[in-house]
Amino acid sequence: EKHGDTKLRLKEAMMSQQQTLSPAQLAELKFLRKRVDNCQDERFKKNPSPNANQNYFAAAEELGRYVEELRTYGHLI
């Protein structure tokens, strides 16, 4: 039980330090997620564009980098 209390206090401390995303950051995150979704849909069309896979992986990588950057500043995503 004591270990559980410590974990709970640690989680509460982390949540109190969590940074909220600004409207611009939220818009960027939404845009990048939608871009990944659209590229994924394109990849699996009956006749995908020649660069569909490359576009998807580039979009996914950009989203991953952005999320990691936000996490380094204390955002829990």
Identify, with sequence neighbours excluded, every residue that meets side chain to side chain donor-acceptor pair (under 3.5 Å) alongside Glu42.
-> Lys45
Can you pull the salt bridge (charged side-chain N to carboxylate O under 4.0 Å, His left out) pairs that have at least one residue in residues 50-61, sequence neighbours excluded?
-> Glu61-Arg65
Six-ring centre of Tyr66, Arg71 cation under 6.0 angstrom, axis tolerance 45° = no
Pairs under 3.5 angstrom only: tabulate donor-acceptor contacts from the side chains of residues 32-41 to other protein residues two or more places apart or in another chain.
residue : atom : partner : partner atom : Å
Arg35   : NH1  : Glu62   : OE1          : 2.4
Asn38   : ND2  : Lys34   : O            : 3.4
Gln40   : OE1  : Tyr56   : OH           : 3.4

Carefully, step by step, assess His75 and Gln25 under the rule side chain to side chain contact (heavy atoms under 4.5 Å, CB included).
-> CA-CA 11 Å; His75 301 286; Gln25 289 168 321; 3.8 Å; yes
What distance do Leu29 atom CG and Leu63 atom CG have between them, rounded to the nearest 0.5 Å?
-> 6.5 Å
